[in-house]
Amino acid sequence: MLNTPIWAFRGENDNVVPASETVDMMESIQALGSKMAKMTIIKGGKHNIAGNCYRNGELFDWLLSHKRD
């Protein structure tokens with residue numbers, strides 16, 4: 001996973017998957033040396049944050065900036 005681009009989104013108030021679990025996972029991946037992992041915690045967001053993700057103006061540019069070798 002260290003060479004796989006990851007952008008994790010999580011709602012700050014997610015009661016299904018706590019934001020702290022995403023923070024822990026992403027910090028572990030980054031500590032192993034990944035330069036391609038980032039996360040966004042949606043302030044006040046709960047579990048259903050898909051709309052927030054797709055409205056993020058950077059998301060599609062970020063997706064299109066990556067390709068497999």
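Each residue takes its place number in the sequence, starting with 1.
Here the closest heavy-atom approach between residue Ile41 and residue Ala19 is recorded as CD1-CB, 4.3 Å. The two residues Thr22 and Arg10 make their nearest non-hydrogen contact at OG1-NE, 2.9 Å.
The backbone N or O of Gly44 sits less than 3.5 Å from a side-chain atom of Glu12, completing a donor-acceptor pair. At distances below 3.5 Å, at least one donor-acceptor pair connects side-chain atoms of Gln30 with backbone N or O atoms of Ala37. Side-chain atoms of Ser28 come within 3.5 Å of backbone N or O of Asp24 as a donor-acceptor pair.
If you chain together hydrophobic residues whose side chains sit under 4.5 Å apart, Ile42 and Phe60 fall into the same group. Residues Ile29 and Met36 do not share a hydrophobic cluster, defined by chaining ILVMFWY side chains whose heavy atoms lie under 4.5 Å apart. Transitive grouping of hydrophobic side chains (ILVMFWY, heavy atoms separated by less than 4.5 Å) brings Tyr54 and Ile49 into a common cluster. Phe9 and Met39 sit in two unconnected hydrophobic clusters of ILVMFWY residues. Membership requires side-chain heavy atoms under 4.5 Å apart, directly or through other members.
Ring geometry, Trp7 versus Trp62: the interplanar angle exceeds 60°, so the pair is classed perpendicular (tilted spans 30 to 60°).
Summarising the geometry, atom OG belonging to Ser20 is positioned 10.5 Å from atom CD belonging to Glu27; distances are rounded to the nearest 0.5 Å. Here NE2 of His47 is found 13.5 Å from CG of Asn13. Values are rounded to the nearest 0.5 Å. Annotation: the span from Thr40 atom OG1 to Glu58 atom CD amounts to 7.5 Å, rounded to 0.5 Å.
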